[in-house]
Every structure is written in structure tokens, then in C-alpha cells.
Protein chains: 2
Amino acid sequence: MKSTKSARKTPAAAAGTQGKKVTLEMVAAACGVSPSTVSRILNGTAIVSPEKREAVDRAIAELGFIPNPIARGLAGGRTLSVGVVTQAIDSPFYGVALRGIEEELSQAGYSPLFVSGHWNAEEERRCIEVLRSRRVDGMIILTGRLSDDSLRNLAKTMPVVITGRTLTAPGLYALDFNNFEGARLATHHLLSLGHRKIAFISGDPIHPDAAERLRGYRAALEAAGVRYKPALVMPGKYFEESGLMAVERLIDSREPFTAIFSANDQMAFGAALALHRRGLRVPDDISLVGFDDLAGAEHSIPPLTTIHQAAHELGRLAAVSLLQLLAGQTPTGTLPEPRLIARASTRALA
Amino acid sequence: MKSTKSARKTPAAAAGTQGKKVTLEMVAAACGVSPSTVSRILNGTAIVSPEKREAVDRAIAELGFIPNPIARGLAGGRTLSVGVVTQAIDSPFYGVALRGIEEELSQAGYSPLFVSGHWNAEEERRCIEVLRSRRVDGMIILTGRLSDDSLRNLAKTMPVVITGRTLTAPGLYALDFNNFEGARLATHHLLSLGHRKIAFISGDPIHPDAAERLRGYRAALEAAGVRYKPALVMPGKYFEESGLMAVERLIDSREPFTAIFSANDQMAFGAALALHRRGLRVPDDISLVGFDDLAGAEHSIPPLTTIHQAAHELGRLAAVSLLQLLAGQTPTGTLPEPRLIARASTRALA
DNA sequence: TTGTAGGCGTTATCAC
DNA sequence: GTGATAACGCCTACAA
């Protein structure tokens with residue numbers, strides 16, 4: 001497979017595919033111009049004469065030249081890469097967001113650098129150090145545990161997009177989902193179905209969104225004139241197992257309920273299983289509402305009524321916003337409002 | 001936040017956190033040695049006198065020096081980053097593998113660069129170009145569509161670990177899961193439960209593992225003296241919806257069956273829903289077995305009997321193997337054998 | 001408009 | 001052992 005004689009037809013493709021090292025300097029030499037000219041053409045940094053431009057373009061194609069981002073990074077300070085701090089790369093919710101980020105970024109010639117903070121501020125800080133040392137041009141942080149101040153400081157260094165909180169600072173753009181409204185919608189849906197004894201499986205209160213969802217639940221209750229009962233609120237941890245255990249505790253407590261609103265889908269799945277084990281049918285005996293609209297919600301049994309959160313859109317928007325920031329523009333995009341997806345896990349109280 | 005006077009207690013932490021640019025050269029100057037010496041200490045490239053070493057170590061700590069991987073990459077030819085070609089970053093199965101990769105890599109000081117090929121050879125090739133241009137030190141390719149030859153060629157350029165196929169080549173290590181045996185186990189489980197009319201929802205045959213699973217299904221049938229019936233095999237595409245549709249077609253075909261073996265869990269979830277809609281209970285009326293043991297299998301209703309595939313382990317092993325390749329060693333790790341996880345979706349034929 | 005020169009932060013190759 | 005001195009591949013003043 002050495003590029004012997006047959007390197008005729010498409011030397012470009014051949015070279016590119018084979019990974020021959022073609023440098024900008026070689027391109028310059030090949031068409032008798034200076035390296036700077038080639039660089040300028042590559043970056044559109046200045047106006048060059050059409051003839052040279054064309055000659056260079058051809059040389060680039062023929063030689064199969066690919067600029068070296070490493071060198072570019074060292075010299076120009078830009079690496080065309082952006083850091084993405086997620087919490088767990090295999091999260092069913094954030095995974096979809098990552099995908100959105102990837103799509104948007106790669107389309108713009110940027111590469112994402114994914115790192116996971118595992119819901120741990122210390123680890124997140126380490127992640128950020130890694131990203132910084134890799135000289136990313138900007139960062140997207142998906143709902144981290146970092147303090148607002150840390151973020152503001154980070155934003156002084158480079159453009160930052162943060163999700164899951166409201167925050168204003170120079171060089172920083174925050175994208176927040178209306179968790180309160182989502183939870184209100186979910187609870188209202190159950191109320192409108194005639195349910196009054198609505199249990200709530202909450203998320204870990206250290207998550208800001210978990211707190212908001214609890215607020216939304218309470219607000220809906222209040223608006224409907226239903227008294228808030230702490231005994232109906234079960235703490236969970238956003239994982240299936242905790243939803244399952246929450247329901248077990250709930251049933252064991254003998255506190256009557258006809259519906260459950262789970263602060264996320266994963267816990268709702270666990271809750272459904274717990275109900276199933278106890279011989280309670282969804283929705284016949286108990287109505288169940290989740291939150292997030294994970295990919296699996298549509299095919300769970302029964303299909304889960306839930307609050308749709310546009311994770312994919314979140315990712316895209318975060319990426320686009322960062323790109324705008326990087327281009328010196330001011331992002332203005334906002335997340336779509338929460339929407340109730342009524343499926344088969346809820347029904348009117350008999 | 002400029003480092004004014006108060007830069008006392010922990011200048012290191014301060015500098016590190018604030019992102020002040022401390023260069024190797026500054027460290028060298030700080031303790032009166034040459035940059036080369038500092039470099040050598042950093043990389044263990046040569047023996048340096050204990051005194052200097054200590055002085056340098058202290059200076060590094062005090063200044064909060066963090067080596068710049070970009071510059072390192074340019075100079076040394078290594079970037080301490082490895083490319084990971086996955087198919088979809090939000091895949092419930094591969095996501096877990098990515099996590100394993102990330103863990104193992106970051107522990108060794110390497111950063112993964114994730115790119116998605118979306119089951120498309122062309123796109124995969126582009127991904128590889130991107131990774132190559134980013135000068136990754138090696139690549140991990142999760143079950144791609146690339147030809148064996150492409151991979152062999154790639155491996156001539158840099159160390160490569162590939163999963164999902166058997167292949168031997170210099171600089172290349174292949175990690176394959178025993179799909180045949182897994183499918184055989186699943187089918188055998190149903191047979192041992194007394195089932196004879198076992199439907200099979202297959203994956204897309206262009207996936208090599210899908211073909212293997214079909215083979216395993218047939219082998220088990222044959223071993224039990226049960227005739228293979230093409231009418232019981234429904235083509236699927238590895239997604240929930242295709243499992244659902246497969247079951248609908250199956251039922252409509254009026255071909256009798258008492259059990260279903262789905263070539264992956266996602267399709268099994270869809271299948272379960274289809275059965276549910278048709279009023280067929282799992283496992284009372286129909287037994288159902290999946291493949292993969294996704295995170296959701298344990299909490300589906302009913303909990304899904306399936307073949308456990310150690311995705312996390314797959315990721316770790318791939319990473320470790322690449323690290324070994326990078327270190328000039330020869331990897332020897334192999335994936336654990338498939339295991340049947342018997343849960344509640346199967347039961348003996350009445 | 002285009003070329004020259006210096007530098008980005010390290011590592012590698014030499015001498016000393 | 002240790003220190004100069006080149007690269008590494010590109011960008012960006014600055015000069016022409």
C-alpha cells in the first residue's frame with residue numbers, strides 16, 4: 001500500500017488517506033508563495049489575489065494537505081475544540097444532549113472534548129483543568145455543581161455556556177429549562193384528571209432542578225386548593241432504584257394516594273416496577289407521570305405520560321450559543337417551554 | 001482577581017485555578033536549571049540529581065505549573081489523546097462502554113476524543129480523518145462498518161483497538177464478544193423451559209453480530225432437534241420500534257409461537273409493548289428474552305431475561321489494550337463469556 | 001497584496 | 001548529568 005507508481009489519479013485522496021504529512025510549508029513551496037499567504041487563504045485573514053488563491057487551493061487539494069490543529073493551537077491560540085463537561089457520558093438524558101452538541105459543533109469544524117464530572121464539584125474542577133490545559137476555545141457545562149462564582153471566573157478566561165441555571169455574566173450564556181413550569185404542568189394534569197392524593201418522588205435537593213420541580217408540584221397543588229402533604233413526598237436520587245424504593249416506602253406508610261408524579265423518568269420506571277410488584281396496575285389503580293421524556297418512555301409499559309424536555313435541542317442550542325460567543329456575537333436562543341406528553345400511564349380517577 | 005499581593009498561602013492552587021500561564025521555562029528559571037532538565041524530570045527521560053529534582057518538583061508545585069499538551073504534541077509527536085469512534089454517543093449500550101473507556105484512559109493521563117460514525121462507513125472515514133488530523137496517539141473503534149483492510153491500513157499508522165470483530169494485524173488488537181454463544185444460551189434457555197415455537201427478532205444482517213446471533217439461535221434449535229422455521233424469524237433494526245413492528249407482523253401472520261428471542265434489548269422492549277397492546281401477557285402467555293442487558297432491562301415490566309454483555313468492561317478493556325499497545329506491549333485481555341440473566345420475562349411453558 | 005521573522009511551549013539531539 | 005539549540009507546524013505582527 002505504499003504510494004508507489006499508481007499514485008496518479010487521486011494523489012490527494014491517497015495522501016490524505018495514507019496520512020502522509022503534508023505541511024503548509026510544502027504547499028507554499030509547491031506553488032511558489034510564502035507560507036503566510038497559504039495561511040491567510042486558509043483562514044481568510046486577508047485578501048489575496050485570485051490567481052494565487054487558486055493555485056494554492058489546487059496545491060492543497062493535490063497534496064491532500066490537512067492543517068495540523070495542534071500546531072494551529074500552539075501558534076494561534078485557537079484549537080477549534082470546545083470542552084464539554086457532562087456528568088456521566090452514559091446518562092440517558094444527557095447523552096442525547098451530547099449528541100446535539102456534537103452535531104452542531106462538528107458542522108462548524110469544531111471538535112467536542114467530553115469529560116464527566118460525575119456530579120462531583122471536585123471532579124468537575126479537575127475536568128475543567130484538563131480542558132483548560134488542552135486549550136479548548138470554550139466550554140459547555142451541563143448542569144454542574146460548580147458555584148456561580150467559579151463559573152463567572154471561568155468565563156473571564158474563555159466563553160462558557162452553562163445549562164440548568166440562570167446566570168448572567170460577561171462571556172457567559174446560561175440556558176435554563178423551566179423546571180418549575182414542567183412540574184406544575186405534570187401535577188396539573190393529574191389534578192385535572194380528578195386526582196387529589198398525588199405523591200411526589202423528588203430528586204436530590206442539591207440539584208437545583210429538583211428543587212424547582214418540587215416547587216412546581218406545590219404550586220399546582222396550591223392553585224387547585226389541595227393541601228400539600230409532606231407525607232406524600234418521597235426523596236429519591238434520580239435513579240430507577242430510588243424510585244422503586246420510594247414507592248415501597250410510600251405503600252408501607254399506608255398514606256393513601258391515587259397518583260404519583262416522579263421528578264424524572266428513570267425514577268418513574270422504578271416506581272412502575274414497584275407498583276407492579278405490589279399488584280397495583282398503572283394506570284388503572286395508580287396514575288403515573290414522569291419528567292424528561294427519555295427515549296425509553298415511549299416504549300415502557302404502559303407508555304409513560306411525562307414532561308417533554310428537549311435534550312437534543314438543549315445540546316444543539318448550547319453548541320450554537322457557544323459558537324456565537326466564540327464569534328463575538330451575543331446568543332439569544334432559549335429552550336422550548338415544557339410540554340406534557342400524555343400517554344398511557346395516567347387516567348381519570350374512577 | 002489578578003494575582004496581586006494576596007498570592008501567598010497557596011500560590012499553586014491560585015495559579016492553577018486562575019489559569020495563569022506558567023511555562024516549563026518559567027519553572028526552569030525559578031530554580032536555576034535549564035528547560036531540558038525540567039522536561040526530563042517531567043517525563044522521566046533521564047536521571048537527574050536528587051537535589052535538582054526536588055527543587056524542580058517544588059517549583060512546579062509552587063507555581064502550579066501544568067504542562068501544555070498542545071506544545072507537547074507538537075514537539076514530541078504525542079498528544080496523549082486517543083480517538084474513539086463510536087456509532088452514536090447516546091446509544092444505551094455503547095454509552096456504557098464509552099464510560100469505561102473514559103475511566104481507564106483518564107486515569108492514565110490520556111483524553112478520549114469521541115466521534116460518531118452513525119453506522120455509516122463514509123462518515124466513519126471522515127471521523128477517522130478528523131481524529132488523524134488531531135494527531136491522536138491511537139484509536140478505539142467500536143464495531144464500525146469499515147472494511148478489515150481499511151483497519152489494517154489504519155493500524156500501520158497508529159495503534160488501533162477494534163471491537164466486534166476478529167482480526168489480526170500488526171498494531172491492531174481486536175476484542176470480540178461471543179455473540180453466537182450468547183444467542184445460543186438465550187435460545188437454549190427458552191428450549192429448556194419447554195418452548196418449541198420460538199420466534200426470533202433479528203438485527204440488521206449487515207451488523208456482523210446480528211448474523212452471529214441468528215446463527216446461535218439456529219444452532220440451539222438444531223441441537224434440540226427443533227426444526228428451524230423461517231416464518232418465525234422477523235427482521236428488525238435494533239431499535240424499539242422495529243421490535244414492536246416485528247411482533248405485530250408476527251401476530252398478524254398467525255404463525256403460532258410461545259416465546260420470542262429478540263436480538264437486542266431495545267427491540268425486546270418494543271416487542272413487549274406490542275404484546276401488551278395485543279393483550280398478550282409476558283411471561284404468562286409469551287416468554288421474552290433480550291440481548292445486551294441494558295441498564296433499563298432490570299427495571300422494565302416485567303424485568304427482562306437477557307444475555308448480559310459487559311459493556312462497561314468492554315470499554316475498559318479496549319482502553320487498557322490500547323494503552324498497552326501504546327506502551328509497546330502486547331494486549332492479551334479478552335471479554336467475559338456471555339451469561340444469561342434470568343429475570344421475570346420468561347417462564348416454563350404451561 | 002505579499003513576504004520575512006519571531007514566537008507558541010515542549011521535546012529531542014547534540015555537545016559539554 | 002546537564003545545558004544549549006534545533007525542530008514541531010502554524011499564525012501574526014511588521015515590513016516591503
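Everything quoted here is computed from the prediction, not taken from an experiment. Proteins get letters first, then strands, A, B, ... in listed order; numbering begins at 1 in each.
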Legend entry - Test log, rule salt bridge (Lys or Arg N to Asp or Glu O under 4.0 Å), inputs A:Glu313 and A:Arg316: CA-CA 5 Å; A:Glu313 182 61 23; A:Arg316 298 187 76 111; 5.1 Å; no

Can you list everything that forms a side chain to side chain contact (heavy atoms under 4.5 Å, CB included) with [X]? Sequence neighbours excluded, please.
{"X": "B:Glu124", "answer": "B:Val85, B:Gln87, B:Ile141, B:Arg145, B:Leu146"}
{"X": "A:Ala311", "answer": "A:Phe93, A:Val96"}
{"X": "A:Pro112", "answer": "A:Val84, A:Glu102, A:Leu105, A:Phe114"}

Indicate every side-chain donor-acceptor pair of residues 66-76 of chain B with a distance under 3.5 Å to a residue at least two apart or in another chain.
unit_1, atom_1, unit_2, atom_2, d
B:Asn68, OD1, B:Ile70, N, 2.7
B:Asn68, OD1, B:Ala71, N, 3.2
B:Arg72, NH1, B:Asn43, OD1, 3.0

Inset, instruction - Please find the earliest and latest nucleotides of DNA chain D, in the 5' to 3' direction, that have an atom within less than 4.0 Å of any heavy atom of chain B. - result: D:dG1 to D:dG9

Legend entry - Pairs where residues 161-172 of chain A contributes a residue and the test salt bridge (charged side-chain N to carboxylate O under 4.0 Å, His left out) is met, not counting sequence neighbours: A:Asp148-A:Arg165

Legend entry - Terminal axis angle for the helix from C:dT1-D:dA16 to C:dC16-D:dG1, five pairs an end, nearest 10 degrees: 40°

With sequence neighbours left out, what residues match [X] under salt bridge (charged side-chain N to carboxylate O under 4.0 Å, His left out)?
{"X": "B:Arg135", "value": "none"}
{"X": "B:Glu123", "value": "none"}
{"X": "A:Arg40", "value": "none"}

Legend entry - Protein proximity profile, nucleotides 7-16 of chain C - base contact B, sugar-phosphate-only contact S, no contact -, cut-off 4.0 Å on heavy atoms: BBBBBBB---

Inset, instruction - May I have all residue pairs that pass side chain to side chain donor-acceptor pair (under 3.5 Å) and include part of residues 51-61 of chain B, sequence neighbours excluded? - result: none

